[in-house]
There are 2 protein chains.
Amino acid sequence: MRTTIYDVAKEAKVSIATVSKVINNKGHISEKTKRKVQEVIVALNYQPNMMASALMGKRTKTIGLLIPDIANPFFSELARSIEDRGHEFGYNLVMCSTDYIQEKENKYITLLKRKSVDGFIIASGFENLDKIEELVKEDIPVAIVARDSPMFYVNTVALDDFMGGYLAASHLIELGHKNIGVIARDVWSNRERLRGFKQALEENKLEFTPDFEFIKEINHIEAGKYMTRKYLDAPHPPTAIFACNDLLAAGVIQGGKEVGMSVPEDLSVIGFDNTILATIIEPPLTTISQPIQNMGKEVMDIMISMITGEVKEKRRLTLLPSLVERKSTSKLTV
Amino acid sequence: MRTTIYDVAKEAKVSIATVSKVINNKGHISEKTKRKVQEVIVALNYQPNMMASALMGKRTKTIGLLIPDIANPFFSELARSIEDRGHEFGYNLVMCSTDYIQEKENKYITLLKRKSVDGFIIASGFENLDKIEELVKEDIPVAIVARDSPMFYVNTVALDDFMGGYLAASHLIELGHKNIGVIARDVWSNRERLRGFKQALEENKLEFTPDFEFIKEINHIEAGKYMTRKYLDAPHPPTAIFACNDLLAAGVIQGGKEVGMSVPEDLSVIGFDNTILATIIEPPLTTISQPIQNMGKEVMDIMISMITGEVKEKRRLTLLPSLVERKSTSKLTV
DNA sequence: TTGAAAGCGGTACCAA
DNA sequence: TTGGTACCGCTTTCAA
């Protein structure tokens, strides 16, 4: 059996109340007993059971992290930065990949509530705001990251996706492209990116002509390939493609290669996220960079301050994307 | 306040003991009361508190996953497959990135023990076997994945790393390479790969000549670049490089490009893992494939059977690697 | 078939 | 400064 507070109390010849006070540094305990108890704790290698204290209303120091897919580099990098910041303050993360499936999202939330997590960090891809609102109402700390939630009463660390899309389009337009394809999954942030994208077109008196539709596939690389082929087969194929994440962009480049087009000579490609993939892809990917490290840190900080009750008002922090020019885009040559 | 078992009992006009029995489907309860209780549970949306039942010795349905770095695609893909299998059986994963740092490993283990996780799945990179042995002695389920542990009494799902290294070398030798560099971090699995590698050389009467040393950097891409430059600057530069993971291989290819060498014409490169990176890198990476999905599934299955007590004897499952030929290696032309 | 009550391992209030 | 004890929400034994 594991050592309990009773063992410590008995060994130190004090009451469990005293031991508890020593552990939590509460109340007034004489230096002498304090030292004695601490010695026994070390000697017995006593580790307080967190389940028990959680039952009494203390924090579990565990946070639920809901993301679409930990195998997607953007999310694994984000998860890592969140984890690191949490670790500094003694928090652990329960990781849940939802695959954009509502049923999974709900299941995980219910389950983690039963496990008394201290709060939820929810990454983009979550379309199911009802469930989140429910958490807020129940006064369970929730923070959203990498997805904006305007008109919604939740702490949020987001990227200015609109600006991201605008940046991407502007870059391409500047290079002379007029017919630009877009590939994206139908989630909130991408709708924003698309809005920004169209805004830039409009400002340049360009029209959004491609035969666009949101992808549904889970496998982004394949989806990128597929859409690329579709675009390239069309009567007026685009000369550039804006892929709403780096994985998709990788698919575009591969798809282009398969039909003998080289990037960027025949087709310019711009991605989104600036994950490790962007540096590995050939040609190195021009992409819109999200400040992943920062987003992770900020959202964890918000989470912690919600848990400790330091901050009561809700807030929305919007970080700005930036263009990272590499080699996958070039001037349109006709 | 959350609904508790007392609320349900009161509402259903029965005792909490009865409610508990209904929930857990234990004891003998009349159909009538059972139905009544179930109705109330639904009506009140009652969710049993797992902390409380964990205190009484029930499982927490939570497993600690210790990996070097979730941002490394190999580990994030592995984590994902473990998570998926766990999810099928209602388990959650607490994710801990250790960065190969012992201090972190120990800290996480202690912390997760306090949180009463049902078991630990530990991925390669863990050199600290003492701590694991401790867990085994305390009868806490532990399983090791992606790292062998011969002579060690732990359930393991491993890859035959020796064979992996052998396969890599054999492939290169077959292509005519005689002077082959190796890049690896000093962890158990890599030592095995190196052993297999040397074995193949020996069988072909070749000597291991390069000025090899283990890398220490955390950033694998940079490490790959650095070692590549070092190899290429040597008096007798190798004509091929075996990188012990795909990330490293990406660095090798980049490093080669930087000094104007093209892959595979001037330098053949073979990786290890076969992560998503291998398909994205240009040229597509020839690599030794680990059956990641399978490893994840198998290790979770072992974990679950340990938890449920179905399997008492320890076992070691070794999966076999295979060569995936893509475009980063070619015949030596001199 | 049902329920009273004794824990599980802590926390916190109140008395001593 | 210390300790007794009620309680957190659930499981389980034993009697009724």
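Since we're looking at a predicted model, the values are computed, not measured. First the proteins, then the strands, lettered A, B, ... as listed; each starts at 1.
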N or O in side chain of [X] less than 4.0 angstrom from [N] OP1/OP2:
{"X": "Ser30(A)", "N": "dT1(D)", "result": "no"}
{"X": "Thr33(B)", "N": "dT2(C)", "result": "yes"}
{"X": "Ser53(A)", "N": "dG10(C)", "result": "no"}
{"X": "Asn24(B)", "N": "dT11(D)", "result": "yes"}

Checking [Y] against [X]: is there a side-chain donor and acceptor pair closer than 3.5 Å?
{"X": "Asp69(A)", "Y": "Ser97(A)", "answer": "no"}
{"X": "Asp118(B)", "Y": "Thr60(B)", "answer": "yes"}
{"X": "Lys115(B)", "Y": "Asn49(A)", "answer": "no"}

Euclidean distance, atom CE of residue Met56(B) to atom C1' of dC8(C) [Å, nearest integer]: 5 Å
Judged by each residue's nearest nucleotide on DNA chain D, which is more toward the 5′ side, Met50(B) or Lys21(B)? Met50(B)
If I take atom CG from residue Leu111(B) and atom OH from residue Tyr91(A), how far apart are they, to the nearest 0.5 angstrom? 11.5 Å
Want to settle it: does Lys34(B) or Ile5(A) sit nearer the 5' end of DNA chain C, counting the closest nucleotide to each? Lys34(B)
Categorize Val14(A) for me: base, sugar-phosphate, or nothing, with a 4.0 angstrom heavy-atom threshold over every strand shown. sugar-phosphate
For Ile23(A), report the nucleic acid contact type (base, sugar-phosphate, nothing); a contact means any heavy atom under 4.0 Å. nothing
